[in-house]
Amino acid sequence: MEVVTNSGPARVELDQPAHPAFLLVLTHGAGGGVNSPDLVAARDAGLQLGGAVARVLQPYLVRGARAPGSPDRQDAAWLEVIQALRPGFPALPLVQGGRSNGARLACRTARAAGARAVVALAFPLHPPGRPERSRVAELRQAGVPVLVVNGDRDPFGVPDSADASRVAVLPGETHALSRRPEVIRPIVETWLREVLVPPAGLPVPLPGPADEKDR
């Protein structure tokens, strides 16, 4: 599907069950697409739990640009995409996330989007070799629980455990998070189960092992 924003059209790949329990919206890094191994692993985690999962190709890539440009413009376009998706999933919990630059975007806009939590894959803590240019404030200011999944060989750095609700560091992985994406899926799945418990303590009707076996 296509969503028109003030920055141009965005393209959305939507996977959903007949009766979704939540909405998970994911996006790519600065120059990538929506089929990177880590994003697909996160999508699969959401689908396994009965969620609708939207993977968003942002307007700047649709129009052929190589970089997202102004963060303010990027954030505004993202919120327009979220606003366009929400009527199809009224009252469902929203979790948003992305990899690399998309993880930064998800953190910056979490509160404005009304997200319950953020999945931050390969969060780029700083430019390679420039630790003094830290982006940790974006993590700390998300205002909602944040799961970070980074590789221990990521030249963009690895956030500290105090910088997010949970930080999973994968041995041997670089910024691409492409060596063992099968490890990412259960990490995201466990996180989603935890954050999708409403404040009243009544669980969202996510499928359990018996339900999954019956599918």
Side-chain angles (χ1 to χ4, degrees), residues 22 24-32 36-46 49 56 58 67-68 70-72 74-75 78-79 82 93-197 199:
F22 61 93
L24 173 62
V25 187
L26 302 168
T27 194
H28 49 78
S36 61
D38 52 350
L39 283 181
V40 171
R43 176 204 65 183
D44 291 347
L49 295 178
V56 179
Q58 297 175 55
S70 161
D72 289 343
Q74 184 186 21
D75 293 358
W78 177 258
L79 292 172
I82 296 295
L94 168 68
V95 177
Q96 62 179 28
R99 66 161 279 106
S100 194
N101 178 268
R104 297 178 61 195
L105 168 66
C107 287
R108 289 196 306 262
T109 60
R111 282 186 286 190
R116 183 170 291 184
V118 168
V119 177
L121 305 168
F123 186 90
L125 185 62
H126 55 73
R130 301 292 302 274
E132 73 280 3
R133 294 179 57 187
S134 176
R135 299 155 177 158
V136 70
E138 293 179 342
L139 274 177
R140 294 174 178 172
Q141 296 172 4
V144 300
V146 180
L147 167 67
V148 172
V149 182
N150 272 51
D152 67 350
R153 298 182 182 179
D154 193 333
F156 288 84
V158 179
D160 187 79
S161 59
D163 297 330
S165 306
R166 182 170 303 165
V167 177
V169 182
L170 306 185
E173 287 283 4
T174 65
H175 192 63
L177 291 179
S178 60
R179 290 187 62 196
R180 297 183 63 198
E182 71 276 6
V183 174
I184 297 172
R185 174 174 167 172
I187 293 172
V188 175
E189 186 173 329
T190 298
W191 172 252
L192 290 174
R193 283 191 180 275
E194 293 177 6
V195 298
L196 291 171
V197 176

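In what follows, residues are counted from 1 in the order of the sequence shown. Here the structure is a predicted model, which is why all the values come from computation and not from measurement.
- For Val148 against Pro159, the heavy-atom pair with the smallest separation is CG1-CG, 3.9 Å.
- Here the CD atom belonging to Gln58 is positioned 5.0 Å from the CG atom belonging to Leu105, to the nearest 0.5 angstrom.
- Val144 is listed as a side-chain neighbour of Val118, based on a closest heavy-atom distance under 4.5 Å.
- Using a 4.5 Å heavy-atom threshold, the side chains of Leu125 and Val158 count as separate.
- Counting heavy atoms from C-beta on, the side chains of Ile184 and Leu170 come closer than 4.5 Å.
- Every pair tested for ring-ring contact (aromatic ring centres under 6.0 Å, His included) that includes a residue from residues 101-141 fails, sequence neighbours excluded, so the list is empty.
- Judged purely by atom type and a 3.5 angstrom limit, Asp154 has no side-chain atom pairing as donor or acceptor with the backbone of Pro124.
- The side-chain contact (heavy atoms from CB on, under 4.5 Å) check on Pro186 picks up nothing, with sequence neighbours excluded.
- To the nearest 0.5 Å, atoms OG1 (Thr27) and CZ (Arg104) are separated by 13.5 Å.
- At least one side-chain heavy atom of Gln96 sits under 4.5 Å from a side-chain heavy atom of Trp78.
- Distance CD/Glu182 to CD1/Ile187: 10.5 Å, rounded to 0.5 Å.
- Atoms CD and OG1, from Glu138 and Thr109 in turn, are 10.5 Å apart once rounded to the nearest 0.5 Å.
- Listed here is the closest heavy atom pair of Leu177 and Ala122: CD1-N, 3.5 Å.
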Just list the side-chain donor-acceptor pairs under 3.5 Å for residues 36-45, sequence neighbours left out, or say none.
residue	atom	partner	partner atom	Å
Ser36	OG	Asp38	OD1	2.7
Asp38	OD2	Arg99	NH1	2.4

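- Of all heavy-atom pairs spanning Asn150 and Gly157, the tightest one is ND2-O, 3.1 Å.
- Sorted by first and then second residue, the salt bridge (Lys or Arg N to Asp or Glu O under 4.0 Å) pairs with a member in residues 156-165 read Arg140-Asp163; sequence neighbours excluded.
- Here the closest heavy-atom approach between residue Ala112 and residue Leu79 is recorded as CB-CD1, 3.8 Å.
- Of all the heavy atoms in Gly98 and Ala103, the pair that sits closest is O-CB, 3.4 Å.
- Atoms CD and CZ, from Gln74 and Arg108 in turn, are 5.0 Å apart once rounded to the nearest 0.5 Å.
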Walk me through it: do Arg179 and Glu173 pass the test salt bridge (charged side-chain N to carboxylate O under 4.0 Å, His left out)? CA-CA 6 Å; Arg179 290 187 62 196; Glu173 287 283 4; 5.6 Å; no
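- For Ala176, the side-chain contact (heavy atoms from CB on, under 4.5 Å) criterion is met by Thr174, Ser178, not counting sequence neighbours.
- Sequence neighbours left out, the pairs with a member in residues 173-197 that pass ring-ring contact (aromatic ring centres under 6.0 Å, His included) are Phe156-His175.
- Between Cys107 and Leu139, the shortest heavy-atom distance links the atoms SG-CD2, 3.8 Å.
- The main-chain N or O of Val146 is found under 3.5 Å from a side-chain atom of Ser165 such that the two form a donor-acceptor pair.
- Atom CZ of Arg153 sits in a sparse spot, with 12 or fewer heavy atoms from other residues, nucleotides or ligands closer than 6.0 Å.
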